[in-house]
Amino acid sequence: MNERRDIEGLDVQVVDPAAPPPPEAGEVPVDKPVSTFRLVATLAVAGALAGLLIVLVNQHTKPIIDKYKAEQLQKAVYEVLPGTDRYNTYYLVDSALSLALPEGAKESEYKRIYVGYDAAGQLSGVAISRGESGFQDIIMIIFGVNPNSGKLMGMKVLDSKETPGLGDKIFKDMTYVNQFFAGPETPLIPVKPGTGKGLPGEIDTITGATISSKKLIEIINHALEEWGPYMDQGIPQTYPVAADAEVTP
């Protein structure tokens with residue numbers, strides 16, 4: 001660092017020996033160029049490492065998450081089918097219900113329903129899972145129905161990202177939820193609270209969450225429209241066990 005000091009009237013310049021020499025008159029300092037290749041390579045390496053980390057974490061957590069979801073689904077089947085002792089999973093194969101999948105087929109590629117039986121091996125009901133777009137995102141539910149009477153047996157929301165404090169009442173408002181366990185006839189009829197006519201399929205929607213609560217009813221009706229023809233083809237009234245089928249306890 002160079003300084004100029006006035007000592008007893010003399011103009012003296014003090015030079016710091018560690019400082020770089022000043023540029024010559026008219027000379028402009030030149031910045032060193034940044035290597036584009038080096039910058040791109042650094043970003044590429046960082047991106048590759050981040051991607052590898054995500055893959056490793058996913059490989060570790062996915063089996064855990066899948067197992068948890070399977071356990072929650074199993075609990076939900078028993079919840080929406082009161083009185084069920086055990087159930088079988090039926091897959092939709094070639095427009096017919098089947099206990100077994102074709103050889104080499106992936107289970108995730110086939111639609112399914114869950115047929116429950118009581119302790120005596122008699123049909124207790126059918127559980128159906130379905131998801132559709134709600135007000136915010138997909139609403140995924142599972143519900144139970146008695147295919148012989150057409151009456152609903154129960155309903156549970158499996159996944160929902162509806163607006164907290166409003167749309168989430170579809171699973172937090174037990175007055176609303178309990179209506180699905182009261183044996184309403186299907187198809188369901190959504191009505192505003194206090195405006196019903198006493199029809200056996202009426203379900204009161206939720207004030208302040210009309211869209212979400214009405215959409216949930218629509219999901220059930222759509223699922224019954226889709227699965228009704230296959231259930232009408234005949235669901236075994238007693239517990240069947242296929243030779244190669246895995247029995248769900």
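Computed from a predicted model, the values in this text were never measured in an experiment. All residue numbers refer to positions in the sequence shown, counting from 1.
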Exercise. Is there side-chain contact between K156 and K75, with at least one heavy-atom pair below 4.5 Å?
Worked result: no
Seminar exercise, completed: Nearest heavy-atom contact between F181 and V80 is CE2-CA, 4.4 Å
For this session: Dump the intermediate steps for side-chain contact (heavy atoms from CB on, under 4.5 Å) on T210 and F135, then the final yes or no.
Result: CA-CA 10 Å; T210 304; F135 182 73; over 6 Å; no
Exercise. R130 and A223: which non-hydrogen atoms are nearest, and at how many Å?
Worked result: CD-CB, 3.5 Å
For this session: Over all heavy atoms of both residues, which pair between A127 and V77 is shortest? Give the atoms and the distance, please.
Result: CB-CG1, 4.2 Å
Problem set entry | Transitive ILVMFWY side-chain link I235 to L99, under 4.5 Å | yes
For this session: Establish whether F143 and L92 are linked, either directly or via other cluster members, by ILVMFWY side-chain heavy-atom contacts under 4.5 Å.
Result: yes
For this session: Quick one: pull up CG in L216 and CD1 in I206 and give me the separation to the nearest 0.5 Å.
Result: 8.5 Å
Exercise. Just wondering, do P187 and L224 contact through their side chains at under 4.5 Å, heavy atoms?
Worked result: no
Exercise. Hey, does L158 have a side-chain heavy atom less than 4.5 Å from the side chain of Q72?
Worked result: no
For this session: Report the distance from atom CG of L188 to atom CG of N221, rounding to the nearest 0.5 Å.
Result: 5.0 Å
For this session: Step by step, work out the salt bridge (charged side-chain N to carboxylate O under 4.0 Å, His left out) result for K215 and E162.
Result: CA-CA 11 Å; K215 185 59 185 182; E162 296 298 270; over 6 Å; no
Exercise. side-chain contact (heavy atoms from CB on, under 4.5 Å) between Q237 and N148: does it pass, once the steps are laid out?
Worked result: CA-CA 10 Å; Q237 297 296 306; N148 297 324; 3.2 Å; yes
Exercise. With ring centroids as reference points, do Y117 and Y239 lie under 6.0 angstrom apart?
Worked result: yes
For this session: Could you state whether Y110 and Y90 fall into the same hydrophobic cluster, counting links through intermediate Ile, Leu, Val, Met, Phe, Trp or Tyr residues with side-chain heavy atoms under 4.5 angstrom apart?
Result: no
Problem set entry | Nearest atoms (heavy-atom pairs only) where T205 meets P190 | CG2-CB, 3.9 Å
Exercise. Are Y91 and V115 in one and the same hydrophobic cluster, where Ile, Leu, Val, Met, Phe, Trp and Tyr link if side-chain heavy atoms are under 4.5 Å apart?
Worked result: no
Exercise. Under a 4.5 Å cut-off applied to non-hydrogen side-chain atoms, are I141 and S129 in contact?
Worked result: no
Seminar exercise, completed: Distance col, row T84:OG1 vs D118:CG, nearest 0.5 angstrom, shows 8.0 Å
For this session: Determine the minimum heavy-atom distance between A76 and I142, stating which atoms define it.
Result: CB-CG2, 3.8 Å
Seminar exercise, completed: CD1 of I189 to CG of L199, rounded to nearest 0.5 Å, is 5.0 Å
Exercise. Can you check whether S213's main-chain N or O pairs, donor with acceptor, with Y176's side chain at less than 3.5 Å?
Worked result: yes
Exercise. Got a second to check how far K214's NZ is from I170's CD1, nearest 0.5 Å?
Worked result: 15.0 Å
For this session: Can you see which heavy atom on I139 is nearest to which on G134, and at what distance?
Result: CD1-CA, 3.8 Å
Problem set entry | Main-chain N/O of A209 paired with S212 side-chain donor or acceptor, under 3.5 Å | no
For this session: Spell out, as yes or no, whether a donor-acceptor pair under 3.5 Å connects the side chain of E202 to the backbone of G198.
Result: yes
For this session: For residues I138 and D159, determine if any side-chain heavy atom of one lies less than 4.5 Å from a side-chain heavy atom of the other.
Result: no
Exercise. Under a 4.5 Å cut-off applied to non-hydrogen side-chain atoms, are P240 and N88 in contact?
Worked result: yes
For this session: Report yes if the side chains of D204 and T175 come closer than 4.5 Å at any heavy-atom pair, otherwise no.
Result: no
Seminar exercise, completed: So CE of M231 and CG of N146: to nearest 0.5 Å the spacing works out to 10.0 Å
For this session: Dump the intermediate steps for side-chain contact (heavy atoms from CB on, under 4.5 Å) on Q122 and T238, then the final yes or no.
Result: CA-CA 5 Å; Q122 301 298 309; T238 56; 3.6 Å; yes
Exercise. Using a distance-only test with no angle check, is there a side-chain donor-acceptor pair under 3.5 angstrom linking Y114 and Q74?
Worked result: no
Exercise. How about W227 and P147: do any of their side-chain heavy atoms sit closer than 4.5 Å?
Worked result: no
For this session: Kindly work out whether a path of hydrophobic side-chain contacts (I/L/V/M/F/W/Y, heavy atoms less than 4.5 Å apart) joins Y230 to I128.
Result: yes
